[in-house]
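As the structure is a prediction and not an experimental result, all values here were calculated from the model. A, B, ... follow the sequence lines: proteins, then strands. Residue 1 opens every chain.
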Number of protein chains: 2
Amino acid sequence: MTTPGSRIEEALGRLLLRSTRARLYDRLIEGVEGVDVTTYPVLSGVARLGPVSASKLGTEIGLDRTATTKYASRLAETGLLRRMPDPHDARATLLALTEAGEAAVELIRRNLVREFDRTLRNWTNEAAERFAGELERFADELREDD
Amino acid sequence: MTTPGSRIEEALGRLLLRSTRARLYDRLIEGVEGVDVTTYPVLSGVARLGPVSASKLGTEIGLDRTATTKYASRLAETGLLRRMPDPHDARATLLALTEAGEAAVELIRRNLVREFDRTLRNWTNEAAERFAGELERFADELREDD
DNA sequence: TATTGTTATACTCTATAACTATA
DNA sequence: TATAGTTATAGAGTATAACAATA
């Protein structure tokens, strides 16, 4: 029997495939030095959370702090992130966007939005809005069930 | 401006996080011996497509045929897949589910139903069905835009 | 003692290269 | 010549272990 669950599994499975993710992100990073499918979550996380330690950021984006540090260093080398001492904790280092980092985040985000809007070009606006709302709700509730 | 694309970007970004994927798959394959986050797409693909060559399966699930072969061998070692000669092409080998493979897919499917029932427990059946259809369409069209 | 960032290390995923057999 | 499956190999992602500094 074909249930909503099995249909969602199949479709979501394809979306979650490494190749789909890689292809999606590959299209967005043209002209943005130093950002790829692995460093994007770090860059995007700093953009969302503001100056943040590697430990906390790692927890938020589901990466180990050692991997977070590694990708943050890569982003720092290309000038998109900078490190600041944490005034409240001398052990910690805060990761923050540089101006170039802010610009990169803006560009990538615009590209992503454009990509999805293009995918939805044959949908009615009503259907697209509804789907967006349902996907938001689904993502929320899936992560709530920890 | 908040377009459907921007809302999808945010929601899908959360779904694509490695931690979300790992957590989801870990729950799906609970209690299924020999299946993990990498072999699951292979097993699931054979279940969906029926007896299929590694080349065609790889194309379908977005994996290189060498990786597909490797994971298929792993599934064969644990008795979930078997290889059959292709009667129409002596170069090809068809991958098919064994009885244990069918049982594993059935168990995963039951886990899926449980998982998504829990996520969708507050949705009407109509909304769940509609969302499943829209997600299928979205996944199709996102991959078409190559 | 616990936690921070970092580096070193090991393991896994996955693609490319190369080989053999068949269309 | 092109395509099938397979194995060997190499590059990259990511976790664990270990270290020094600070809470």
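C/dT14 atom P lies 9 Å from atom NZ of B/Lys70, rounded to whole Å. Distance A/Tyr25 OH to D/dG13 C1': 15 Å, rounded to the nearest Å. Straight-line distance from the CG atom of B/Leu57 to the P atom of D/dA4: 13 Å, rounded to whole Å. Rounded to a whole Å, the CZ atom of B/Arg65 is 16 Å from the P atom of C/dA21. Atom CZ in A/Arg82 sits roughly 18 Å away from atom C1' in C/dG5 (whole-Å rounding). As rounded to whole Å, 13 Å separates atom P of D/dT6 from atom CG of B/Asp86. Distance CG (B/Asp36) to C1' (C/dT14): 14 Å, rounded to an integer number of Å. A straight line from CG of A/Leu95 to P of C/dT4 spans 13 Å, rounded to a whole angstrom.
Among D/dT14, C/dT6, D/dG5, the nucleotide with an atom closest to any side-chain atom of B/Thr69 is D/dG5. Side chain of A/Leu63, nearest nucleotide from C/dC13, C/dT4, D/dT14: D/dT14. For A/Ser53, taking side-chain heavy atoms from C-beta onward, the closest of the listed nucleotides D/dA4, C/dC13, C/dG5 is C/dG5. Listed nucleotides: C/dG5, C/dT14, D/dT16. Nearest to the side chain of A/Ala54: C/dG5. Checking C/dG5, D/dA15, D/dA4 against the side-chain heavy atoms of A/Ala92 singles out C/dG5 as nearest. Closest to the side chain of A/Arg74, from the set D/dG13, C/dG5, C/dT14, is D/dG13. Considering only side-chain atoms of A/Asp64, the nucleotide from D/dA4, C/dC13, D/dA15 that sits closest is D/dA15.
Between B/Glu115 and B/Arg118, at least one side-chain N (NZ, or NE/NH1/NH2) sits under 4.0 Å from a carboxylate O, which counts as a salt bridge.
Screening A/Leu95, A/Leu81, A/Val32 for a side chain to side chain contact (heavy atoms under 4.5 Å, CB included) involving A/Leu43 leaves a single residue, A/Leu81.
Contact of the B/Asn111 side chain with the B/Ile29 side chain is not registered, since no non-hydrogen atoms from C-beta on lie closer than 4.5 Å.
Across all strands, A/Thr66 comes closer than 4.0 Å to base atoms (heavy-atom distances). Within 4.0 Å (heavy atoms only), B/Asp89 reaches sugar-phosphate atoms of the nucleic acid but no base atom.
Taking every heavy atom of both residues into account, A/Trp123 and B/Glu141 meet most closely at NE1-OE1, 2.8 Å. The nearest pair of heavy atoms linking A/Gly34 to A/Thr39 is O-OG1, 3.2 Å.
Taking 4.0 angstrom as the limit, B/Ser55 places a side-chain polar atom (N or O) nearer than this to OP1 or OP2 of D/dG5.
Positionally, the nearest nucleotide of DNA chain C for A/Arg91 lies more toward the 5' end than for the other of A/Arg91 and A/Arg83.
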